[in-house]
Amino acid sequence: MPVQLLKIIKGKSEPPLPSHLQKEDLTHLREGLDHTNKYFQGIVILSYPVTKLKDGTDFFKIVLKDMDSSCSWINSINILIYGKMAEDCAQVVLHGDTIVVAGFKLAKSPTAQEDGRHACHLEVSEESGSAIYIYSQQTRTAPSKPALVSVAPKYVYTPLNRLKDGTVVNLYGIVKFFKPPYISKGTDFCSVVTLMDPSNVKLTCSLFNRNLDCLPKIYKVGDIVRFHRIKIRAYNGQMQGITTGGFASLVFDGTVGAPIVPRTSSKAYSFVDEERKTIEDLRVWAASNLSISEPAVKLSGVEPMLFFDLTCQLVGKAKVDETSFLLKVWDGTTCRYPTWKVRVEARDLEGDEDHLCRLQDLTVDILVYDNHVHLARSLKIGSFLRIYNIHAKQANANGEDASRIGFHLHGGTGYGRGIGVLPESNPDVKDLKAFLESVDLFDSQDMESMSSVEFDGTSYSDADFESDLKRYQQLPVTVLTDHLDLDNTDLKTILSSTAPQEYRVRAKLGTYKPQKLYQAVKLHCSKCNSSQEVPHGDELALILQGSAIPAPNPELHNTSWYDSAMWTTQDQKQRKIAIHFVRHEKILQDPEKSLLMIEGGTLKEIWKLTKKFKCIIPVRSTEHDLALLDLSVPFLFQGNIKYYGCKQCSTPKPIKSLSSVVAEQEEPSWEPTEIAQVLGIEPLQYAFIMKFTLVDRTGALDAYLLDYEKFFKIPASEILSSDFLQQKMQMIMNALCPPGGKLDDLPWLECFIKSYNVRDAMNHQVCYQIFDTTVAEDVI
DNA sequence: TTAGGATTAG
């Protein structure tokens, strides 16, 4: 059967895929390789309407994203489906479905430059023996019975300002406050959740269930929930939500751009395509209307008297007495203050002895009380926890420990106090795990060499010393471009100093973010210091389509400084396109030096023009003059580079300001900065924005890198259109932080970092930025 | 039933 619907049951395909088929990674799809018994699997991120080719063949195009592609810059590929398969697939495929394509033909993608996807596309049809397997997210029928398609029930969601006493409703909300599930005084677990939605109304819900797993898996304020069948009651003059027998919930990460993966214990749940849009909209609304993104506190940032949430790993636990229990945890950083240790007998301490011993300087003791003891006792060693509302309290002033900080999880559930277990799939856990692994390796090396010196003086041989020395003397992979007279400062000293200051450091790169390097390229405004994502080709194409309205105004054509041409497309849309060639005697004969403005052009048309002409400026007609488009699209296309302007800092001027350049200059060079200035645009610069976790023997520190070209010696503006530069960047990062390498084997980085203060009404944080540093010549 | 957000006081 060429198109088949399958299911995933307990992580396995049901029915299974044919056994001769092997999965092929996106990076291994290349022309000239044999893909006969291979299949490609991806998630549908885009699909187009079915069309008919000139010969009458049905044609359906979808875009699949490779969810396993870890390092590749390019993670999506076009799939072209022909003939009967096109119709069959189009009937059932939905955004978000996982699709397996086998028996495909691979061919060069003519649109790769424009859409930024894989250099090849896959062609499939029944005639060429292809097969498509669809793992849908919903209950759907096989394509042979189209009359039964779309059997998912339709849910209606009530905004929070429309809730009525005594009703049972479905709703969406953004978590404004929550108490992680705790054992209530009755028979059930309880979780209290306060939600907000764009109607700006709050709703506090009391959720009960005997099974902890049936309560919503909320991990942080800002998460988005979808509740089905929640009962609404009036209480103290306000509406409140309470679980009913049929209550069900989904929880989503509330971060704009994060993958939309529902967290639920429910095995069967509906989630249709339009709900994806609801989540995206709520994320965007929350980002600009709710202040929920408090920076996470690490142990290194703990101050006395602070109440904070800690994401950490459980290393050891012990019963202390009837009302208190000890948790030994770490997050890879060290506290700046001496910490109070709880005395327990070694035999009462549960956890790996070696691990506990090795990490003794990195773990902290958290004493949990009363209602939290029961849950604490059940925690598994090694699990990742978020402990909410820990109190960092000065130890008892009577003893010698007065200067030490004790960590307490007091009884009660006020302020969301409690303990949550995070799954390993949680993005914060993934980050923490990578960091802990690097710190642990560093630390274990330290312990091993120390213990061999302490217990057996002769075992640390000259050869060991030589090899250590050699390792230390190895040329660093980054070098300084200035301030060579400064001495190195260790990270612990930096962490305990006030900002702002500048330091020279010698450290290793424990880990970095983003791991997918294409995510590091941003557009940065040096004036307001804001940064934004580089718009995707599809997004641009859509906006430019919108710019086709209004039609070009012929009264603005053929002026003293440009000549115009206009025509209408032959397709159904009858779109009007106008091109205005800027006139200049020196450059008129030479298209490669000329600038033109275009009205009503698509992204594809503009892209074609950039091959022939030096500069393309997309414009629209107003009553009296041509004007720039909205700054969501580039104000200028030059070669492969799209130049954007900052919406906040630009004050666009009429296009006729450009005529001064033509009048004044003998041969305009059309420098983007000059064009921007004349048009009142504050240009955005392409930049790599990354977070480097630097590690040395004294501690770990996150430093930001904001680089246009100096650090990597790669222009950030050019990397998105160059396979070669992308490979080069990946190689550099592999040299700085070899994948899978033990920290001890990692190369040294020499960097300058400057500390600075980030303050708002509630928080104060010291941040660090790398400057005057570059990748060493021999690395490139 | 339980909780109904709004710090413990070890």
Side-chain angles (χ1 to χ4, degrees), chain A residues 160 163 165 173-196 201-212 214-216 218 220-223 225 227 230-245 247 290 292 294 297 302-310 318-327 339-344 365-376 387-399 401-402 404-420 762:
Chain A
L160 300 185
L163 299 173
D165 185 14
I174 297 141
V175 175
K176 197 173 175 300
F177 166 82
F178 73 106
K179 292 184 174 184
Y182 59 94
I183 301 163
S184 74
K185 291 191 177 112
T187 54
D188 296 338
F189 283 98
C190 171
S191 181
V192 174
V193 183
T194 302
L195 305 177
M196 282 284 277
V201 165
K202 275 201 312 188
L203 177 76
T204 298
C205 305
S206 299
L207 310 174
F208 300 99
N209 203 297
R210 203 165 286 235
N211 182 356
L212 181 106
C214 294
L215 290 172
I218 297 167
K220 57 166 80 160
V221 167
D223 279 351
V225 300
F227 289 167
I230 184 152
K231 188 171 185 178
I232 304 301
R233 288 198 316 208
Y235 176 78
N236 277 349
Q238 283 194 315
M239 292 300 159
Q240 71 166 195
I242 192 149
T243 37
T244 58
F247 174 80
L290 302 177
I292 44 184
E294 282 181 28
V297 173
V302 167
E303 297 287 336
M305 308 296 286
L306 188 71
F307 283 90
F308 65 103
D309 299 343
L310 181 69
K319 182 185 168 181
V320 178
D321 56 41
E322 289 314 311
T323 61
S324 62
F325 197 84
L326 169 67
L327 298 178
T339 59
W340 175 64
K341 296 276 177 184
V342 180
R343 275 191 206 160
V344 285
D365 286 3
I366 298 175
L367 208 44
V368 314
Y369 296 94
D370 308 336
N371 56 317
H372 308 297
V373 170
H374 184 82
L375 205 142
I387 310 183
Y388 302 92
N389 199 238
I390 300 175
H391 188 189
K393 192 165 162 265
Q394 213 102 32
N396 189 345
N398 297 328
D401 280 335
R404 291 182 182 270
I405 292 187
F407 295 103
H408 305 265
L409 188 72
H410 297 297
T413 60
Y415 275 75
R417 195 177 309 122
I419 304 171
M762 297 292 289

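In the set B:dG10, B:dT7, B:dA3, B:dT7 carries the atom at the smallest distance from any side-chain atom of A:Arg417. With B:dT2, B:dT8, B:dG5 as the candidates, the nucleotide lying closest to the side chain of A:Asp188 is B:dT2. Across B:dG4, B:dG10, B:dT7, the shortest atom-to-atom separation from the side chain of A:Lys179 is found for B:dG4. Closest to the A:Asp370 side chain, of the nucleotides B:dA9, B:dA6, B:dG4, is B:dA9. Ranking B:dT7, B:dT2, B:dG10 by closeness to the A:Asn389 side chain, first place goes to B:dT7.
Without hydrogens or angle criteria, A:Asn209 side chain to A:Asn211 main chain gives a donor-acceptor distance under 3.5 Å. Formation of a donor-acceptor pair under 3.5 Å by the A:Asn371 side chain with backbone atoms of A:Gly412 is found in this model.
Nucleotide B:dA6 holds its P atom 7 Å from the CZ atom of A:Phe177, rounded to whole Å. A:Leu203 has its CG atom 18 Å from the P atom of B:dA3, to the nearest Å. Spacing between atom CG of A:Leu207 and atom C1' of B:dT1 amounts to 15 Å, rounded to whole angstrom units. If you measure from atom CG of A:Leu215 to atom P of B:dA3, you get 13 Å, rounded to the nearest angstrom. Rounded to whole angstrom, the span from the CZ atom of A:Arg233 across to the P atom of B:dG4 amounts to 13 Å. As rounded to whole Å, 9 Å separates atom P of B:dT1 from atom CZ of A:Phe208. Atom-to-atom, CG of A:Leu367 to P of B:dA9 comes out at 12 Å; the value is rounded to the nearest Å. In this structure, A:Phe178 atom CZ and B:dT7 atom P are separated by 18 Å, rounded to whole Å.
Sequence order on DNA chain B of the closest nucleotides to A:Ala234 and A:Lys393 puts A:Ala234 first from the 5' end. Residue A:Thr243 is the one, among A:Thr243 and A:Thr194, whose nearest nucleotide of DNA chain B lies closer to the 5' end (criterion: closest heavy atom).
Within the nucleic acid shown, A:Thr413 has no heavy atom closer than 4.0 Å to any nucleic acid atom. Within 4.0 Å of A:Tyr388, counting heavy atoms only, lies no atom of the nucleic acid at all. Residue A:Ile242 is in base contact, counting any heavy-atom pair closer than 4.0 Å across all strands shown. Among the atoms of the strands shown, none is found under 4.0 Å from any heavy atom of A:Gly412.
Scanning both residues, A:Phe208 and A:Thr243, for their nearest heavy atoms gives N-OG1, 3.1 Å.
Around CD of A:Glu303, the count of heavy atoms belonging to other residues, nucleotides or ligands within 6.0 Å exceeds 12.
By the 5.5 angstrom centroid cut-off and the 30-degree plane limit, A:Tyr235 is classified as stacked against the base of B:dG4. Aromatic stacking is marked for A:Phe307 over B:dT7, as both cut-offs hold: 5.5 Å for the centres and 30° for the planes. Put simply, A:Tyr369 rests on the base of B:dG10: the two rings are less than 5.5 Å apart at their centres and nearly parallel, under 30°.
When the side-chain contact (heavy atoms from CB on, under 4.5 Å) test is applied to A:Asp365, the partners found at least two apart in sequence or on another chain are A:Leu326, A:Lys328, A:Lys341, A:Val342.
Contact of A:Ser324 with B:dG10 (side chain to base): no donor-acceptor pair of N or O atoms is detected under 3.5 Å.
At the phosphate of B:dG5, neither OP1 nor OP2 sits under 4.0 Å from any side-chain N or O atom of A:Lys176.
Put simply, the residue from A:His408, A:His410, A:Arg417 that forms a side-chain hydrogen bond (donor to acceptor under 3.5 Å, both in side chains) with A:Tyr369 is A:His408.
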